[in-house]
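Owing to the predicted nature of the structure, the values given are computational and were not obtained by experimental measurement.
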Amino acid sequence: MTDAYIERQVKEYFLKLRGLEETTDGSHPDVSFENEEFERPDDGYWYEVYFIPSSPQQIELGTNARSRWIGLLQINICTPKSAGTTPSLDRYESIAEHFRTGTYINGNIRIVKTSRTSAIEDGDFYVMPVTVELVANLDR
């Protein structure tokens with residue numbers, strides 16, 4: 001198992017988030033993933049999702065030793081200017097509930113914590129950064 005496996009599992013878990021729009025072909029027009037085509041939705045509400053790189057650390061001795069991966073999933077909640085704070089906070093609460101501390105994804109990825117910072121202005125929209133800290137022990 002590699003950290004790429006962990007990222008795929010977490011991405012799939014994110015797509016089960018309550019309130020995400022899904023089209024008939026299974027795509028999510030309100031979610032922007034790193035290095036994937038994306039067109040901002042007309043309503044001005046979307047998520048930007050990407051992983052902040054980290055390096056696995058060996059936690060056992062030997063050539064077949066397991067590694068611990070501590071990862072950060074960055075979710076930016078994007079809302080139109082002048083929409084107020086309610087849409088961002090509602091979306092944050094949904095994310096915090098979905099990625100609740102102590103939750104396990106596929107039995108081996110544990111959510112350590114979910115936190116946010118204040119929204120910042122970016123052109124004609126606001127961005128509220130949300131960070132989900134994850135940990136997993138990876139078999140070699």
Side-chain angles (χ1 to χ4, degrees):
M1 188 178 349
T2 66
D3 52 345
Y5 166 82
I6 300 298
E7 289 183 9
R8 281 190 211 99
Q9 297 302 309
V10 173
K11 180 179 173 179
E12 287 177 20
Y13 186 76
F14 173 80
L15 291 174
K16 296 175 184 173
L17 180 69
R18 179 178 46 87
L20 279 187
E21 185 180 331
E22 185 173 2
T23 61
T24 55
D25 69 357
S27 66
H28 295 81
D30 55 349
V31 180
S32 168
F33 288 108
E34 188 174 11
N35 200 27
E36 292 184 13
E37 276 190 48
F38 179 75
E39 190 173 317
R40 280 175 49 180
D42 292 337
D43 67 2
Y45 294 91
W46 77 94
Y47 299 92
E48 297 172 340
V49 181
Y50 55 94
F51 290 88
I52 298 173
S54 68
S55 298
Q57 302 295 315
Q58 189 168 330
I59 59 172
E60 296 175 339
L61 298 175
T63 56
N64 293 323
R66 292 184 302 159
S67 295
R68 177 164 292 142
W69 183 73
I70 299 172
L72 299 175
L73 173 66
Q74 183 67 38
I75 306 167
N76 291 335
I77 301 169
C78 302
T79 58
K81 235 181 196 179
S82 303
T85 58
T86 300
S88 295
L89 292 174
D90 288 349
R91 285 166 173 74
Y92 168 69
E93 287 176 353
S94 180
I95 291 167
E97 178 66 25
H98 192 63
F99 289 98
R100 185 184 310 190
T101 298
T103 297
Y104 277 86
I105 300 171
N106 291 345
N108 63 349
I109 306 164
R110 184 173 52 87
I111 307 301
V112 176
K113 68 179 178 179
T114 300
S115 60
R116 69 176 179 94
T117 60
S118 298
I120 52 175
E121 185 178 346
D122 188 356
D124 61 342
F125 58 96
Y126 272 86
V127 177
M128 178 185 286
V130 176
T131 304
V132 179
E133 186 176 326
L134 316 155
V135 66
N137 294 333
L138 308 174
D139 293 331
R140 195 149 180 114

Just how far is it from atom [atom1] of [X] to atom [atom2] of [Y], taken to the nearest 0.5 Å?
{"X": "Ile95", "Y": "Ser115", "atom1": "CD1", "atom2": "OG", "result": "11.5 Å"}
{"X": "Leu134", "Y": "Arg110", "atom1": "CG", "atom2": "CZ", "result": "10.0 Å"}
{"X": "Asn137", "Y": "Ile109", "atom1": "CG", "atom2": "CD1", "result": "11.0 Å"}
{"X": "Asp122", "Y": "Lys81", "atom1": "CG", "atom2": "NZ", "result": "9.5 Å"}
{"X": "Ile6", "Y": "Asn106", "atom1": "CD1", "atom2": "CG", "result": "8.5 Å"}
{"X": "His98", "Y": "Thr103", "atom1": "NE2", "atom2": "OG1", "result": "9.0 Å"}

Non-hydrogen side-chain atoms of [X] and [Y] separated by less than 4.5 Å:
{"X": "Met128", "Y": "Leu89", "value": "yes"}
{"X": "Tyr126", "Y": "Ser88", "value": "no"}
{"X": "Asn76", "Y": "Val130", "value": "no"}
{"X": "Tyr47", "Y": "Leu17", "value": "yes"}

- Query: Can we say Arg91 and Asp30 salt-bridge, meaning some charged N sits less than 4.0 Å from an Asp/Glu carboxylate O?
  - Reply: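 No, this pair does not count.
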- Please list, chain by chain and in numerical order, all residues satisfying salt bridge (Lys or Arg N to Asp or Glu O under 4.0 Å) with Glu37, sequence neighbours excluded.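 Applying salt bridge (Lys or Arg N to Asp or Glu O under 4.0 Å) to Glu37 gives none.
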- Query: When you look at CD1 of Ile52, are more than 12 heavy atoms from neighbouring residues, nucleotides or ligands closer to it than 6.0 Å?
  - Reply: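 Enclosed: over 12 neighbouring heavy atoms sit under 6.0 Å from CD1 of Ile52.
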- Query: Would you find more than 12 non-hydrogen atoms of other residues, nucleotides or ligands less than 6.0 Å from Asn35 atom CG?
  - Reply: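 Counting other residues, nucleotides and ligands, CG of Asn35 stays at 12 neighbours or fewer.
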Write down the atom of [X], the atom of [Y], and the distance for their closest heavy-atom approach.
{"X": "Gly44", "Y": "Pro80", "answer": "O-CD, 3.2 Å"}
{"X": "Val31", "Y": "Val49", "answer": "CG1-CG2, 3.9 Å"}
{"X": "Glu48", "Y": "Cys78", "answer": "CD-SG, 3.8 Å"}
{"X": "Ile105", "Y": "Gln9", "answer": "CG2-O, 4.1 Å"}
{"X": "Pro29", "Y": "Phe38", "answer": "O-CE1, 3.3 Å"}

- Any donor-acceptor N/O pair, Tyr50 side chain to Ser32 backbone, under 3.5 Å: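 Such a contact is absent between Tyr50 side chain and Ser32 backbone.
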- Message: Test side-chain contact (heavy atoms from CB on, under 4.5 Å) on Ile70 and Val112; report intermediate values, then the result.
- Response: CA-CA 9 Å; Ile70 299 172; Val112 176; over 6 Å; no
- Phe33 reachable from Tyr45 in the ILVMFWY side-chain graph, under 4.5 Å edges: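 In one cluster with Tyr45: Phe33, no.
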- Query: Phe99 vs Phe14 aromatic rings, parallel, tilted or perpendicular, using cut-offs 30° and 60°?
  - Reply: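 Taking Phe14 first and then Phe99, their aromatic rings lie parallel (interplane angle under 30°).
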- Pair Tyr5-Asn108, side-chain contact (heavy atoms from CB on, under 4.5 Å): steps then yes or no: CA-CA 11 Å; Tyr5 166 82; Asn108 63 349; 4.1 Å; yes
- In this structure, which one of His28, Glu21, Glu39, Arg40 forms a side-chain contact (heavy atoms from CB on, under 4.5 Å) with Trp46?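 By the side-chain contact (heavy atoms from CB on, under 4.5 Å) criterion, Trp46 pairs with just one of His28, Glu21, Glu39, Arg40: Arg40.
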- Message: Holding to ring pair (Phe, Tyr, Trp, His ring centres under 6.0 Å), I want the full list of residues that pass it with Tyr92, two or more places apart in sequence or in another chain.
- Response: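 Expected list: none.
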